[in-house]
Amino acid sequence: MAKSVTLKDVAAKVGVTSAAASMALSGHERISERTRAAVKRAADELGYVPSSAGRALRSQRADAVALIVPNSSAHVFGHLYFMHVLTGMSTAANAHDAQVIVSTNADTSSGDVAYERVMRSRTADGAIVTSAAVDDDHVQALVASGLPAVLIGNYPHLADAVTVGIDDVRATERLVDHLVEVHGRRRLVHVTGTLDHRTGLDRRRGFLAAAERHGLTDVTVIEGDLSEASGAAATEQLLQASGARPDGVVFANDDMAVGGLHTLRRAGVDVPGDVAVVGFDDFGLARVTTPGITTIRVPAEEMGRIATERLFDLVDHRGGQPARTELPVELVVRASCGCEPDAERVRT
């Protein structure tokens, strides 16, 4: 095996000390621009790769940020939302020459492990949390621990926390407004997300607020769990219920909307002729169904990127940023609601 190139080799090639070569590679102002350029050129020519462990030891930094998801890894890697968040985090972390660590639980019984692995190990300079339950006390403990932390989502009970998210309430209201004002739908159903999470609660609140504002009296709420299967089960429940069939279903995410759409079509129900269907997220599934699903486009990748940038602000003690960063969403109109099927339209 070929001998690895050391800092001493780079220094010898340029004719400076190892200490000077180290300062040159770190851009130290005590080293002249000419010497810095010569050291950098020699390092490139020799193929020298700095030791991240040594750099971290010298700077007392781990050069890593953690994504804490208090759920199982199967849950994380089975949902496109987390892939978008990770992409955004990786983009920002790479710009800071840092790595991303994902901390999850072995199962869904408790969120302790995901937090403690990061808080006790000191393997990350800071942490980003997403998809925490509303009663998850570990979030507050993390914020109070002193470890730099940014939360993705809405945490109204943690006024001092740094958060990045969207307005789920208003976004869901926009879906209802569209069904009522553009398509005249009046008998609406909402299939919720999990109601132990703020996202599920806020999207349900948005649905009910819009229904009340429009004077809708024939509305139904069914609890789902964000899976395609729960969307199908909720729709089957609607099909078997007595009384007038709903003319519109607002699903709390696109996975459930896909399950509901397939169930309606198998039952011979025309979508959108008989029942309009809308979803939430737009991570990919809504574009490939027939008909395409009208939905809210959530900027999950951008949330991951901005949350990571905010985290580095905290790590580097850069102030002046607001505690809350709220990103806009888009209403993406497709054929499942009754709009023309020939072109996708985005409404900001």
Side-chain angles (χ1 to χ4, degrees), residues 78-81 83-84 168 171-194 199-200 203-204 206-207 210-211 216 218-241 243-298 300 329-347:
H79 287 77
L80 290 172
Y81 164 75
M83 299 300 99
H84 284 266
D168 286 291
T172 308
E173 288 188 65
R174 290 178 63 184
L175 287 168
V176 175
D177 291 346
H178 183 75
L179 289 178
V180 174
E181 296 170 1
V182 178
H183 301 291
R185 307 300 169 120
R186 305 288 298 179
R187 300 185 307 278
L188 299 184
V189 173
H190 178 50
V191 182
T192 75
T194 48
T199 297
R203 293 178 188 180
R204 181 183 65 176
F207 172 82
L216 306 185
D218 191 359
V219 296
T220 304
V221 174
I222 300 175
E223 185 173 355
D225 65 10
L226 300 178
S227 70
E228 185 175 331
S230 75
T235 305
E236 190 64 42
Q237 179 180 334
L238 293 173
L239 292 173
Q240 295 177 2
R245 179 174 292 169
D247 58 11
V249 185
V250 178
F251 290 94
N253 78 337
D254 291 342
D255 292 64
M256 293 193 299
V258 169
L261 179 63
H262 290 165
T263 301
L264 289 169
R265 296 190 67 190
R266 281 196 300 270
V269 177
D270 179 40
V271 177
D274 298 324
V275 179
V277 168
V278 296
F280 205 116
D281 288 337
D282 203 33
F283 297 146
L285 288 175
R287 305 181 195 129
V288 298
T289 58
T290 303
I293 297 174
T294 292
T295 188
I296 292 289
R297 179 171 293 164
V298 176
V329 298
E330 298 171 327
L331 172 63
V332 183
V333 176
R334 300 189 177 100
S336 69
C337 64
C339 286
E340 291 297 323
D342 57 344
E344 174 183 301
R345 287 174 290 163
V346 175
R347 299 184 179 183

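Counting from 1, the numbers follow the sequence of the chain as shown.
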Spatial distance of atom [atom1] ([X]) from atom [atom2] ([Y]) [nearest 0.5 Å]:
X	Y	atom1	atom2	answer
L179	E181	CG	CD	10.0 Å
T263	L238	OG1	CG	10.0 Å
F207	E173	CZ	CD	11.5 Å
I296	L175	CD1	CG	4.0 Å
T192	E223	OG1	CD	4.5 Å
L216	R186	CG	CZ	4.5 Å

Which of these, D254, D282, D281, T199, sits in a side chain to side chain contact (heavy atoms under 4.5 Å, CB included) with V298?
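It is D281, the one option of D254, D282, D281, T199 that forms the side chain to side chain contact (heavy atoms under 4.5 Å, CB included) with V298.
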Does some side-chain heavy atom of [Y] sit less than 4.5 Å from a side-chain heavy atom of [X]?
X	Y	value
R185	V176	no
D255	L226	no
T235	H262	no
H178	V278	no
H183	P272	no

Taking all heavy atoms of [X] and all of [Y], pick out the closest pair and write down the distance.
X	Y	value
T290	L261	O-CD2, 4.1 Å
R204	V221	CD-CG1, 4.1 Å
L239	A267	CD1-CB, 3.7 Å
F280	A171	CZ-CB, 3.5 Å
G279	A257	CA-CB, 4.1 Å
A252	G193	CB-N, 3.3 Å

Salt bridge (Lys or Arg N to Asp or Glu O under 4.0 Å) partners for D168, two or more places apart
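For D168 the salt bridge (Lys or Arg N to Asp or Glu O under 4.0 Å) partners, ignoring immediate neighbours, are R203.
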Do the ring planes of F283 and Y81 sit parallel (below 30°), tilted (30 to 60°) or perpendicular (above 60°)?
tilted
Only counting residues at least two apart or in another chain, list the ones meeting side chain to side chain contact (heavy atoms under 4.5 Å, CB included) with R187.
D218, A244, D247
Worked verdict on V333 versus E340 for side chain to side chain contact (heavy atoms under 4.5 Å, CB included):
CA-CA 9 Å; V333 176; E340 291 297 323; over 6 Å; no
Is there a donor-acceptor pair under 3.5 Å between the side chain of S336 and the backbone N or O of T294?
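Side chain of S336 to backbone of T294: a pair is present.
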Yes or no on side chain to side chain contact (heavy atoms under 4.5 Å, CB included) for Q237 and I222, after CA distance, side-chain angles and deciding distance?
CA-CA 9 Å; Q237 179 180 334; I222 300 175; 4.0 Å; yes
